[in-house]
Structures are given as structure tokens and as C-alpha cells.
Amino acid sequence: MHLYNLTLQPPTAITQAVVGNFSGVRQQEIIASHGTRLELLRPDPQTGKVATIISTDVFGSIRSLAAFRLTGGTKDYAIVGSDSGRIIILDYDPKTSSFVKLHQETYGKSGARRIVPGQYLAVDPKGRSVMISSMEKAKLVYILNRDAAANLTISSPLEAHKNGAIIHHIVGLDVGFENPTFAALELDLGLNHVVRKWSEPTDPRANLLLQVPGGQLASSDRFDGPSGVLVCCEDHIIYRHMDAPQHRVPIPRRKHPLDQRDRGVLIVSAVMHKMKGAFFFLVQNEDGDLFKVTIEHEDEDVKSLKIKYFDTVPVASSLCILKSGFLFVASEFSNHYFYQFQKLGDDDDEPEFSSTSYRSFGMADPTASLPHEYFRPRPLENLALADELESLDPILDSKVMNILPNSDTPQIFAACGRGSRSSLRTLRHGLEVEESVSSDLPGIPNAVWTTKKKSDDAYDSYIILSFVNGTLVLSIGETIEEVQDTGFLSSARTLAVQQIGDDALLQVHPEGIRHVLANGHVTEWKAPAGKSIVNATTNKRQVVVALSSAELVYFELDLEGQLNEYQDRKAMGSTVLALSIAEVPEGRQRTPFLAVGCEDQTVRVISLDPESTLETISLQALTAPPSSICIAEMLDASINKNQPTLFVNIGLQNGVLLRTVLDPINGQLTDTRTRFLGTRPVKLIRVQIQRNPAILALSSRSWLNYSYQNLMHFTPLIFESFDFAWSFSAELSPEGLIGITGSTLRIFQIPKLGTQLKQDSIPLSYTPRKFITQTWTREMGPVTYFYLIEGDHRVLGEDAAEKKLAELRQQGKKIDQEVLDLPVEVFGRPKAPAGTWGSAIRVIDPVKAETVAYIPLDCNEAAFSLAVVPFSVRGGELHLVVGTAADTTVSPRSCSSGFLRTYKFTDDGAGLELLHKTETDDVPLSLLAFQGRLVAGVGKALRIYDIGKKKLLRKVENKSICSHLLRPFVTLSTQGSRIVIGEMQESVSFAAYKAPENRLLVFADDSQPRWVSAMAMVDYNTVAIGDRFRKLDDDPTGAGILHEKGILMGAPHKTKMLAHFHVAMVAGGREILMYTGLHGTVGILVPFVSKEDVDFISTLEQHMRTEQSSFGRIFARLPGTKQSAIAGELDRTVGEVLKKLEQLRVTTSGF
Amino acid sequence: MSSELRYTANTQLEHLHARYTGTGHADLTKYEWLTHQHRDTLSSIVGHPTLTSYLAIADGESIGRVKFEMTERMLRPCGPPPNLKD
């Protein structure tokens, strides 16, 4: 079987982020690594919003990332350490908007190996050298320099290996212009080798190094800082430098009544920021508390090391401080945040802890810890939230269903997040629409326009609404109100409105054309007697109208601003249904093409060139009468990298959109692509989105066709369907759109271009583990509820926390209620020892997006699995069975007791009532309904239970499935008595239940071990599994003969993520497999329908791999020459290849 | 194989062993082998961001701590060497 993998949503987790001037201008940018993808983010210092500039797949795993700048340079480069065994230096080229590989030096084998460098990167702050290190032993140093032509050069590597050393972290020392020094290793440029300068033992629990500024400025003899490093250890931060006294401060702990005192405080991320003449550090602990660390120094002598509480933000994988006063927090899980500094915490009364308050600067006895110091967490004081970047990471479970009302496409429901920041998110394909104004109108308008008064106005002045027998003009000011004296005819409906020439307005109505000059004078062209205007198209200088007699009349503006009619009229022979001309190209008098759609199911391109005015150039036949045409010039790099392409979009009455390319030289129509938009005739409107032309296509759904990052996107809008829409620009909404739905006028924006999936979220209390859905029939129609289990290790359950607090109160301890009441979504819950769990069962109404029932588990129980079971002995009555365990430890796996909690549904599924609890000897990790009974994977055993009065009754057991069956994930066959068992380490087995003998028999298993993390049955014989090591397999097994070994036939498809979840989803009638990855990836696998397609795609893949080791949409980004070379090899044109790829995407996913 | 060749092959092998930590040889003890296996696994976990996330979620710890504990464990993943045990 061959599958085509299509990523709908790339990973959203940020594993590392660096800041720098990558485009070489003053503004700073952030490069974020998403593990397999690099993204360049540009924050806007004015609005505080972060925009994605480019996002590139690297087809490898990025392990480390660093930015550096050559001495005296103005541009930063990025160095990437990956699993490729190479060091790569990237340069961002703003012209082509891409990363350019400057250097690629191979030093080792590929793979994230123990002794192959790539795990850590450290650069000299002056950009003279870089150290790349592995986990163990190997460290390489490269010298960076410029050649005569000012190009970046890289030396051959210098080895700084040390046998038997395991590396936690490396950092480049700031030594000014002395020889570059890394942590404790020195590189001597003159001798061209690396010398170990000093090495001394430090705290055994040290995990992170931070560079301390040093060196002198050339202009003054002042020292920037004392140089050296900060060593972040558990509970302490130590300042160290060669031949200098050490300073040590404790990391303050939260003054929380439930604080676990014997747990060390670890710094997980940190950042140093240098300002003019000063510097500070922000370090973050595991709870997300930020501390500001400062060093007081006199030249090179450190006087004291100080630490104080700063603010609390989500735990970060990377912190970036921007010179414009922003802090970027790339969260380790969930959404990323962008904060603005309000102040630097200099003059508040937060207690500060200094190394001078301890004997010998805290180093009197380095082996003993310093006394604990405390701070009170509080809401943000120094930072203010500016922007939030949505991230699905981690997705722990997902389902595809279509349950939202008024939706014709399915939604993806994903249980995301970790701990108190978890959420259940609804993902819908489409662009988010932000409505700013919605007002009711007296009648039902059929069209709306906005227009400026003069061509150089910044904003629109009028809104024109056309009704069946009249026109209403509204002026846009502080309020929007009706105006009369605009020169527009109000007694007839309007066909077109245009700001024409420099300062005139134009209205086309069925009886004629009104040309309103700036002085209020109106010249009017009247339609010939007995004929009326049925259709019109306009631009800045040209007007074309179609008469009811199927004639075309053409007007052009002359240099005096007079509208002149062309002497001839063109008879079309068939009623004109649609007309369109493009905007006047920059610096030209006119656009040379007119597209006319007629009732005889044709579209003709007609010349407007003075040499051949109104001559037919080309003709295209259609499958249905056209309803609308729109010519627009848009940039699509897959067709033309340098210039916008002229597209003719043709909307048909049957809801299909055709997009063809208009050749600017000969006017021929080529490269037709089709797409089904909806059930209503298509209306096409040319609009401006972020100062670029875009097309709104309105049918039963509204779509936006726009160009983003130089590629064309076609995405539905998530909003009510519109009858008509137009661009809208006013002071409050410069980039808006205006639309009508029925008698309602709406003004809206599209804030997040480039996104494919809109997210809505429901907050959860703990990390979601699994959820299942159940649809109930009610009088009003079916209602669906989600049953979700959530749980967190190392967190006190609500009852345990209450008990502990009551105990403390009894002991007479004062409880700081304010700290207890801090919102857990921001501050998290205090950490508890291993083996403690907080867990709950939740019932969610996904349509109303709210929790309808919440059942917290007590007695340190945590839920691990759940199933809805129709017990046949109870007449098929549905019950919810939740597998829980008390006092569970993760490694080694153990529990004091497992339970199967059986719940009865109440309130038509909205509530749960506990019937009984059945004790088990191990953790029930998987449950499943099976032939009116329950199948449970309890530890190493697979059992079948039936319901009893007091508990569930064990009917069958099979303990011999595998000698070390650790974690069965069980799923039911689509038919018959087949059970597929996914084990934690040992891949899948197929079992059959033999009713006569009452036995469970395993008849097929996999020949390879796999760490199964998710699986789905594709058909009776095939199962798709995802394992922990980013692989996804299809495993068709042999027929169901007892004890037959499974035959592995499917080709493994390497995908980009861990932990997959698959659901078969039907889109456009084709069955596809959808998966979600832990880091937020959503993708689909599409089976090919013909051998031809398989050959085509695999040959294309082969060519792409030699070219760029990449595939898919990337083909569109290749340079034109390479594209045609590859297409030539395949005996096709570039257009055909692109069309094929697009069709695969559109027909299977609609994306 | 002449004796001379065998000699050079051996020195090359030794050199390769010194260069590529973790490669096995004929006299490898069970303890050494296990230690290498564990270290390879642990460094692979630290090197793959998805694996650290996976473990962090399962254990309720931060990614930073998972990386730190995994790196610390590389020191002696299988406890002290057997001759030190008694």
C-alpha cells in the first residue's frame, strides 16, 4: 500500500528560539526551531504583535540553535546543530524571503548520537568562533572569519575532546577581544589549537551555564562586566571565573503552604541581557517564576551577586529579550507568549538576596546548601502580555467528528496541553473572522460597496448599499449616517461603484452611468431606449457595461478626466452573465483584457487594446453557466517567482470555481484548476487584504483566495455565509471587509492570515489523557458529549490538598490564603512527591464548549483509561467504565490497587453516577467494549469482564499474550470477534475470542518490537500504528488462522512526530487516515487510488530528494529552472506537476 | 594474513575504539555493554525533543528537569562497576 502524507498543521512546539538582526536591518527578529522546522518571527515593536515571516521544513531534527554576528557586522547568522552530523550556518535573505545555507561542514555520522556533536552550541560573543558539542566526549571548535570579499568563512574543526566526560551545557565566555574562551576551555587562535585553561569541580547538581559580560570597550577603559560564568545548580546560582572568588546565592522558593521543602529548585531556562553600561539575567525555575539576577562589580572584581523575584510566566524552553523592550517566552508546552517590559523591577519592595549576606560570599562550605529563602508569587507587575501564539503542543488525544451545527466539514477535537494549562481544542479548517460591527438594515440589500472620494485618500468615505429598487449612501465619519447630496442616483439599484480618475466617482445603474465630478457636477450616459444595463465592470480608468441586448459598451477615461464611449459596440450573441477587467497595471493607461461570461456556457477573453479593441482573443467552454468572473493579478511563486500572475477566476452557477491563468502576451487561458466551493452560485469579489489583492469567493461557504509568503492560499472563512462583500477601510479598521448576510451589515477583519485551522478551546484542570465521544438521541436531535479523563503525576489531588491544609491549620500554622488563591492556570500547582496524583473525569458539551460535569477522583486515584460499554446482560444499557489506579508510580510501574469504576449515565448523558468499583491487581491501562462486555488490559493480562450487582465479574483471562506485555492498548475489530492489542514495547498482536471455549487466543503478532503509542484499525486485516520513534506503520496481517505469524507488508512511512493518533475521516467521499503528533502536528495519510499516481509521485519524490531532499509543497518553492528540469524528467510540464499535487491536496483534505 | 598486517589491523582497531566511544570488543563485560546501551538510549532521549516531551508529560516533570536527570544518569546508568560493589 502506498500513502501520500500531507501535513495539515506543522508542529507548533518551540524547542529553542534565538534573537538577532537576521535581516540586517535595525529591527530584531526571532528564529524559532520547531524540532523539524525553522520559523522566522518578526515582532512589531509598535503593536506588540508577532508575525511569521517564513517557515521552512529542514527535513531533519534540530537539536541546537545559536545566533552570532561577526565583529563589526550588522547582520546576525544562525548556526544549526542537528542530527545530520553537520554544522550549518544559515543566512536569512530578505529579498527571496528564505534561509540561505552559507556553510555546511560535515564532521560525523548522522543521527542524534552520543558522541557526535550537535547537541550543544556555544558562540563567542564577538562572533569569532563556535563550539559544537555532543553529549559525551566530543567538542569541536570552528573559527569564523571574513575573507577579502567580506564573505563569512569557516575553518576546519579543532578538536577539544575529553574522554569520559558527559556534557551538561557549554557557553562562550565574554572575554572582550582576548582569545575566545568557552566555559572552561580556551581556544588560542595564534597557536590554532584548543587549550584547556582550567578545570575545577563545581556543584554536583549543576545544569546550566550563563555567560557574564566582560571585556573593555575600545572607546573607554570601562569594563562591560567581570566576565566569567554563572553556574545554575539545584537550589543555587554560583558566579565563577578563573582566579576570582566565587559568589553563591540561593534560588528563592515560593512561600506556598504546600511547598515540598526537600525538592530542589532547578533553573530550566535563562537569558542574559546587555544594555548600555549594564546587564542583568532572567532565570526561570520549574514553576515558571522568573528571577532577576544582577552582578555588582568594580571593573573585573565582583562585589556581589544578587537575586530577586521578577514575575511568573509559563515555563519556557527558551527566553528571548528584545532590545525594543519585549520578552518572548517560548513555552515548553502550550501557547507561546510575547510580553512587554513595563519596568525592570528596580524599585519595588521585593526582597533581594545578595551573596554578601552569607559568609565568604556563600562559599564558606560549598557542599552544604545555603538556608532557604522565600518569596511570595504575585500577578504580573513588571511584564504585560502583548501577544499570544497558539500552540497545540502536546496533543494527547484527538477525534474527528462533524458535530457543530451549520458545518459541512468535520472538525478535529484535540486534547492538548499539560497540567493546569490544558485545554480541549476544536480545530476547524478555515480562517478566523473577527467581527467589529454588526447592524441591522431596513431592507435586504443585494450588494454593498465602499469607496474613497479621491484616489489618494487613506480611507473610504462612503458605503453604498443597493436594494431591489433603490440605493442608499452612508458616509463614514465618527458615526456612519445616511447622506443625500452625493450625486448618486438613489431611486434605482446600483450595479457598480468606482472611484474613477483622480477625484471623481462613478455609479452604474440599470438605466445608465453617472459620472460624479469633484465639483459635484454630474455627467450621465443613458442606456439606449428599450435596453438596460445588466452587468458592469470597472477599474480606475475603464468601464465596460453589458446591455440587455447582449451588447458590450466600452468606456475609457481620457487625459482630461472625461469618460469616452468607444465608437463600436460588441454584440455577444448570448446574454452576458458576468464581466470582469483587472485593475489598471502600475504605470499603464489600461488593462488590455476583458473576460465575458455568457449564458451559452462560455467565457471569452476580449481585447481592450487600442489596436484591436473589442476583438475576441480566446474562448473557454464551461460545464455550467457562469455566475461571476474576477480577473486579479496575484503573486504565486509556484507559477512566477518575480511577477504577479494574471488569474481569471470563473464562478459557476453550480458552485464550482475555475481558476485559469491568463497569458499576458497572447491572452490565452491555460492551466485550469477546479474547486467545489458550495451549493450556491459563486460570487467573486476582488478585495485588498494587507495591501495585496485577494479574492473573496462567496457560495454556501465564503472562501478567501490570497497570497501569503508568496504562495497562493485558498481557505474558507469561519463565519456565516455572505450574500455580498467588499473591502472596507476606515481609521478604526484599516484592513477590514464589509459584508451583508440577509438584512445585516457586518464589518469584519481576518486577523490571522496563513493559518489553516481555527482553534477554540475549553480549559481543563489537569493533563488530558484520553477522551471518548458518545452521541445521544434526543427529541431535538442528536446530542454529543465528550467523556474525558485527566490526570497529573506529582500533583496533590483536591481532597489531599484540602486535608494537608486542614492539618497545617490544626498545627496552628498561618496559611497565606492570597497565595493559595492565585489562579492555577498561570501559577500551576505546587509539586508533590512521586506517586501522588491529581485526576478527574469530565463531561464536556462540545457544541456549547462547556463542562457539564466534573468528578474529581479522591484517595490518590488517577484515571488511565475509559470506555463506553453496552452491557448485554443489562439489555445493552450504556455504562461508562473508567480504569483507575491508586498510588501509582511511573517507573517502575506499580500501584497499591487498580480499579474499574462503573458509572451509569444520568441526565441523558450529561451526568454520571457511580455504580461500583472493581478492584484489580494492576493498572488498567486500556478498556474497550467488546460484544456486550468489557475487555480490559490490566497490567500484563487481557481480561473480559461482565457487569454484576456489586462489581464487574471476570469472565476470561489471557496472561500469555506476551511474556512482557506491559501496556496493552486494545482496540476492537471492525467486525467479528477480533481484538487488536497494542503493547508498550512489543508492537501489536491480533487476538480472537472463541466463545464456545470461552478463550482469548492470539493468532498473529508483529515480528518487530515497536513502542506503540497509538493505533487505529484500518480494516479487518490492517492496523495502523504510531510508535514513540516517529514512525507510522501499516500492518496488514495474514488471515485469521490460529497461531499464524503476522506478515509485515506495508512500507513504513516516516512521519515527523511521535505519538500518533489516527482516525479514519471521510472527506469528499475518500477515506483517509488522520494523525496527530505530540508536538502539535496534524496530518493525513491518503491512499493512492491508481498505480499511475504512485509511479508519478514516487518518481517526483526521487527527483526532489536529489534536488533538495524535500517534497510536496516545496516543489512550488523551487527555482523555475529546477522545476522544469524535474518536470521534464517526468514528461510533464511544471504546471501539470503543480496541478497534480494541488489536486491531491484539495480532493483529499480540502486544504 | 601476515603478522605485520595483523599488527597494523590491531592498532587501527584500538585507535578506532578510542575514537568511537561505545563500540564493543571481544572482552567487553556485561556491565560495560549495559552501560553503553543505557548511555546511548539516554543521550538519544535528550537529543530528540519529542522524546523528552513524552517523558516529561508521563512523569509530570519539566522538560528541563527530564534533560538534567537523564544527563546525570548517564554517569552511572547501571550503578557502580561490579568490582566496586563488594
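Every value quoted in this text rests on a predicted model; they were computed, and no experiment measured them.
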K.L.:
Is A:I267 close to chain B through its backbone or its side chain, or both, or neither, when contacts mean heavy atoms under 4.5 Å?
P.N.:
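Neither; nothing under 4.5 Å.
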K.L.:
Using non-hydrogen atoms only, which part of A:R769 is less than 4.5 Å away from chain B: side chain, backbone, both, or neither?
P.N.:
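For A:R769, side-chain heavy atoms alone lie under 4.5 Å from chain B.
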K.L.:
With a 4.5 Å cut-off on heavy-atom pairs, point out which of A:R113, A:E286, A:K831, A:R63 contacts chain B the most.
P.N.:
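Most pairs with chain B among the choices: A:E286.
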K.L.:
How about residues 62-69 of chain B versus chain A: which residues have heavy atoms under 4.5 Å apart?
P.N.:
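The residues closer than 4.5 Å to chain A, in numerical order, are B:S62, B:I63, B:G64, B:R65, B:F68, B:E69.
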K.L.:
Heavy-atom distance under 4.5 Å to chain B: side chain of A:A206, backbone, both or neither?
P.N.:
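Answer is backbone: N, CA, C or O of A:A206 sit under 4.5 Å from chain B.
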K.L.:
Could you tell me the separation between the CE atom of A:M135 and the OG1 atom of B:T21, rounded to the nearest 0.5 Å?
P.N.:
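A:M135 atom CE to B:T21 atom OG1 measures 13.5 Å (nearest 0.5 Å).
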K.L.:
Walk me through whether B:S53 and A:H1079 qualify under side-chain hydrogen bond (donor to acceptor under 3.5 Å, both in side chains).
P.N.:
CA-CA 8 Å; B:S53 300; A:H1079 271 186; 2.8 Å; yes
K.L.:
Going from CD1 on A:I115 to OH on B:Y20, what distance comes out if it is rounded to the nearest 0.5 angstrom?
P.N.:
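Reported value, rounded in 0.5 Å steps: 7.5 Å.
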K.L.:
For A:R829, is it the side chain, the backbone, both or neither that has a heavy atom under 4.5 Å from a heavy atom of chain B?
P.N.:
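For A:R829, neither part sits under 4.5 Å from chain B.
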K.L.:
Which residue out of B:D40, B:D59, B:L42 racks up the most heavy-atom pairs below 4.5 Å with chain A?
P.N.:
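The option with the most such pairs is B:D59.
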K.L.:
Say whether, by atom type as modelled, one donor and one acceptor occur between the side chain of A:R114 and the main chain of B:T41 under 3.5 angstrom.
P.N.:
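It does not hold such a pair.
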K.L.:
How long is the span from the CZ atom in B:R73 to the CD1 atom in A:I166, to the nearest 0.5 Å?
P.N.:
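Answer rounded to 0.5 Å: 12.5 Å.
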K.L.:
Drop me the distance from A:H169's NE2 to B:T71's OG1, to the nearest 0.5 angstrom.
P.N.:
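Rounded to the nearest 0.5 Å, the NE2-OG1 separation comes out at 10.5 Å.
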K.L.:
Which residue out of A:P394, A:A112, A:A138 racks up the most heavy-atom pairs below 4.5 Å with chain B?
P.N.:
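Among A:P394, A:A112, A:A138, the one with the most close pairs to chain B is A:A112.
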K.L.:
Taking all atoms of both residues into account, what is the closest heavy-atom pair of B:A58 and A:H793, and its distance?
P.N.:
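In terms of heavy atoms, the two residues are closest at O-CB, 4.0 Å.
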K.L.:
Heavy-atom distance under 4.5 Å to chain B: side chain of A:E332, backbone, both or neither?
P.N.:
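A:E332 touches chain B through backbone and side-chain heavy atoms alike.
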K.L.:
Using only non-hydrogen atoms and a strict under-4.5 angstrom cutoff, which residues of residues 28-39 of chain B touch chain A?
P.N.:
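Result: B:H36, B:R39.
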K.L.:
Do you know which two heavy atoms are closest between A:R418 and B:A56, and how far apart they sit?
P.N.:
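For A:R418 and B:A56, the tightest heavy-atom pair comes out as NH1-O, 3.0 Å.
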K.L.:
In Å and rounded to the nearest 0.5 Å, what is the CD1 to CG distance from B:I57 to A:D393?
P.N.:
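Answer rounded to 0.5 Å: 7.0 Å.
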K.L.:
Non-hydrogen atoms of chain B under 4.5 Å away: do they reach the side chain of A:I167, the backbone, both or neither?
P.N.:
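Contact with chain B: backbone only.
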K.L.:
Based on non-hydrogen pairs under 4.5 Å, which of A:V890, A:T767, A:T15, A:L266 is most in contact with chain B?
P.N.:
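Going by pairs under 4.5 Å, I would pick A:L266.
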K.L.:
Is A:D792 close to chain B through its backbone or its side chain, or both, or neither, when contacts mean heavy atoms under 4.5 Å?
P.N.:
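It is neither, since no heavy atom gets under 4.5 Å.
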K.L.:
Under 4.5 Å heavy-atom distance to chain B, tell me which part of A:E136 shows up: side chain, backbone, both or neither.
P.N.:
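A:E136 touches chain B through side-chain heavy atoms alone.
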